[in-house]
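See below for the structure under consideration.
Computation of the quantities below employed the complete heavy-atom set of this structure, encompassing side-chain atoms and omitting hydrogens, waters and symmetry-equivalent molecules.
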Amino acid sequence: MEAEKRVAGVKQSRKAIREGRAVRVYLASDADPALTGSIAAECAAAGIPVETERTMAQLGRACGIAVGASVVAELLG
């Protein structure tokens, strides 16, 4: 994942999905399903691939933030 081509967090990721800017979404395996379930459904409806192999801490580190991230969206170009 390249730093300038992704957003972290439920709100920013949902916005990217709805605007058609997300090409892949990462859902933390240890995140609350109440938060990630609706994102997974939106991705399925939009045909966006979802990966769930990483933890919140791993996603946070990958994004360069000091806290965990439950959702990260990789963006177009």
Side-chain angles (χ1 to χ4, degrees):
M1 291 189 291
E2 294 180 37
E4 65 276 1
K5 295 183 183 179
R6 64 177 170 247
V7 293
V10 174
K11 289 180 183 179
Q12 290 296 320
S13 296
R14 180 173 280 130
K15 182 178 178 183
I17 294 164
R18 289 181 178 166
E19 292 176 352
R21 297 182 298 127
V23 294
R24 179 176 310 276
V25 172
Y26 300 87
L27 301 177
S29 58
D30 58 344
D32 183 354
L35 290 175
T36 59
S38 62
I39 297 287
E42 287 185 44
C43 288
I48 299 170
V50 175
E51 292 189 22
T52 59
E53 293 82 31
R54 299 179 188 182
T55 65
M56 289 177 64
Q58 289 171 325
L59 288 177
R61 280 193 302 275
C63 290
I65 57 177
V67 296
S70 57
V71 181
V72 174
E74 189 175 333
L75 305 177
L76 288 170

Q.
I need the minimum non-hydrogen distance between A16 and L75, along with the two atoms involved.
A. CB-CD2, 3.6 Å
Q) Residues in salt bridge (Lys or Arg N to Asp or Glu O under 4.0 Å) with E19, at least two apart? A) R21
Q.
Looking at every heavy atom in both M56 and D30, which two are closest together, and how far apart are they?
A. N-OD1, 2.8 Å
Q | R6 side-chain N/O to A62 backbone N/O, donor-acceptor pair under 3.5 Å | A | yes
Q: Determine whether V10 and S70 make a side-chain contact, defined as any pair of heavy atoms from C-beta on separated by less than 4.5 Å.
A: yes
Review item, side-chain donor-acceptor pairs of residues 40-52, under 3.5 Å, at least two apart:
from, atom 1, to, atom 2, distance (Å)
E42, OE1, R18, NE, 3.3
E42, OE2, R14, NE, 2.8
E42, OE2, R18, NH2, 3.3
E51, OE2, R24, NH1, 3.2

Q: Locate the shortest heavy-atom distance separating S13 from A73; write the atom from each residue and the value.
A: OG-N, 3.6 Å
Q: Applying side-chain contact (heavy atoms from CB on, under 4.5 Å) between L27 and each of V72, L35, V71, report the one that passes.
A: V71
Q.
Please report the interatomic distance NZ(K11) to CD1(I39), rounded to the nearest 0.5 Å.
A. 12.0 Å
